[in-house]
Amino acid sequence: MKNSAKPDQLSAADWLDQGLKTLTESGFTALKAEPLAKAMGVSRGSFYWHFADVGAFHTALLKRWREVTTEQIIASLERSPEGEIPMNVLLRRAFGGSRLTLDVAVRTWATVDPTARAAVQAIDKRRLSYMESLFVAQGYSPAVAQARAQILYWTFLGFTLSDKSLPKPRQEEILAELIRIANAPA
């Protein structure tokens with residue numbers, strides 16, 4: 001991503017956006033000040049202006065990942081038009097596109113880094129809790145809501161981690177079936 005600001009005017013958000021891009025494209029081992037600075041065309045000093053060290057950057061990056069991949073999505077679902085079933089909107093969003101390479105990159109990072117692992121566990125808990133609340137709001141009992149949320153989340157993780165893509169028409173058929181299953185009476 002090209003930044004229109006002068007190099008000395010980069011914000012922490014600019015660094016975090018570059019970090020998410022780098023994580024997705026090159027993996028967690030590339031999340032170091034020097035390669036990030038080089039990719040942004042600035043000195044490492046700009047990095048250290050915003051972050052005390054690489055560990056602080058990693059923590060902020062994981063927070064930004066949560067914001068982008070979970071909190072912003074939940075906020076947009078909360079603004080769904082009247083009559084729209086938020087779970088259906090969520091399923092279309094989660095399963096209607098391509099693999100979520102950023103989630104894959106963070107989950108790979110979490111296999112070797114305790115901070116990333118804690119972030120993944122927290123985001124999984126947040127997503128599951130939100131999905132459960134959507135099912136409860138639709139009238140399902142808490143036990144059924146919890147079971148359906150877990151099943152759908154496991155399905156989402158499988159979809160995310162799968163390296164096999166389907167033709168768009170087949171993917172849409174499967175998504176329609178998943179929505180039907182999600183809305184089936186308990």
Side-chain angles (χ1 to χ4, degrees), residues 1-5 9-42 44 46-80 86-87 89-134 149-163 165 175:
M1 164 174 45
K2 252 335 195 190
N3 188 311
S4 60
Q9 294 178 335
L10 290 175
S11 68
D14 294 326
W15 283 99
L16 295 172
D17 289 344
Q18 180 63 43
L20 292 176
K21 179 181 176 191
T22 299
L23 177 60
T24 301
E25 294 173 354
S26 305
F28 64 92
T29 59
L31 296 176
K32 298 174 184 155
E34 185 66 36
L36 290 169
K38 185 175 181 180
M40 296 179 79
V42 297
R44 285 184 313 165
S46 176
F47 176 90
Y48 291 110
W49 176 259
H50 297 289
F51 306 99
D53 55 30
V54 173
F57 173 72
H58 288 175
T59 299
L61 188 66
L62 290 165
K63 183 178 178 186
R64 179 76 175 134
W65 167 66
R66 177 184 176 123
E67 179 62 29
V68 168
T69 65
T70 301
E71 299 306 329
Q72 288 178 5
I73 292 168
I74 289 172
S76 73
L77 288 171
E78 294 297 308
R79 295 186 305 270
S80 291
M87 180 58 74
V89 175
L90 177 61
L91 292 174
R92 281 194 292 280
R93 184 168 185 167
F95 293 95
S98 58
R99 266 178 22 124
L100 303 168
T101 53
L102 179 56
D103 263 32
V104 173
V106 174
R107 288 178 186 284
T108 300
W109 183 15
T111 64
V112 298
D113 183 273
T115 303
R117 186 170 28 262
V120 167
Q121 290 168 346
I123 220 167
D124 287 346
K125 183 177 179 180
R126 172 72 168 121
R127 289 171 176 175
L128 278 167
S129 174
Y130 184 72
M131 291 172 67
E132 287 174 31
S133 73
L134 292 179
Q150 186 67 68
I151 290 165
L152 288 175
Y153 198 62
W154 283 336
T155 303
F156 167 75
L157 291 175
F159 172 75
T160 300
L161 298 172
S162 174
D163 62 355
S165 60
L175 175 57

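Residue numbers run from 1 in the order of the sequence given.
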With Thr24, the side-chain contact (heavy atoms from CB on, under 4.5 Å) member among Asp103, Val106, Leu102, Leu100: Leu102

Closest non-hydrogen atom pair, Leu90 against Met131: CD2-CG, 3.9 Å

Distance, nearest 0.5 Å, that separates CD of Gln18 from CG of Leu36: 6.0 Å

Nearest-0.5 Å distance, CD1 of residue Ile73 to CD of residue Glu67: 10.5 Å

Derivation of the side chain to side chain contact (heavy atoms under 4.5 Å, CB included) call for Ser76 and Arg93: CA-CA 11 Å; Ser76 73; Arg93 184 168 185 167; 3.2 Å; yes

Closest contact, heavy atoms only, Leu61 versus Gly19: CD1-C, 3.7 Å

Step-by-step side chain to side chain contact (heavy atoms under 4.5 Å, CB included) determination, Val120 to Trp65: CA-CA 10 Å; Val120 167; Trp65 167 66; 3.9 Å; yes

Thr108 OG1 to Asp113 CG distance, which is reported to the nearest 0.5 Å: 12.5 Å

With sequence neighbours excluded, residues passing side-chain contact (heavy atoms from CB on, under 4.5 Å) with Ala12: His50, Phe51

Heavy-atom closest pair, residues Tyr130 and Ile74: CE1-CG2, 3.5 Å

Non-hydrogen atoms of Ala30 and Thr22 that approach each other most closely: CB-CG2, 3.6 Å

Please list, one pair per line, the donor and acceptor atoms closer than 3.5 Å that link side chains of residues 151-159 to other protein atoms, with sequence neighbours excluded.
residue : atom : partner : partner atom : Å
Tyr153  : OH   : Arg107  : NH2          : 3.1
Tyr153  : OH   : Asp124  : OD1          : 2.5
Tyr153  : OH   : Arg127  : NH1          : 3.1
Thr155  : OG1  : Ile151  : O            : 2.8

Residue list, salt bridge (Lys or Arg N to Asp or Glu O under 4.0 Å) with Glu71, at least two apart or on another chain: Arg66, Arg126

Atom pair NZ (Lys63) and OG1 (Thr59), whose distance is rounded to the nearest 0.5 Å: 10.5 Å

Under 3.5 Å donor-acceptor, His58 side chain and Ala116 backbone: no

From CA spacing to verdict: side chain to side chain contact (heavy atoms under 4.5 Å, CB included), Leu175, Leu91: CA-CA 8 Å; Leu175 175 57; Leu91 292 174; 4.2 Å; yes

Shortest non-hydrogen separation from Trp109 to Leu62 and the atoms involved: CZ3-CD2, 3.5 Å

Distance in Å, Glu34 CD paired with Phe47 CZ, rounded so as to fall on 0.5 Å steps: 11.0 Å

Ser11 backbone acceptor or donor facing Asp14 side chain under 3.5 Å: yes

Criterion side chain to side chain contact (heavy atoms under 4.5 Å, CB included) on Arg64 and Trp15, from CA distance to verdict: CA-CA 11 Å; Arg64 179 76 175 134; Trp15 283 99; over 6 Å; no

Nearest heavy-atom neighbours spanning Arg117 and Ala110: NH1-O, 2.6 Å

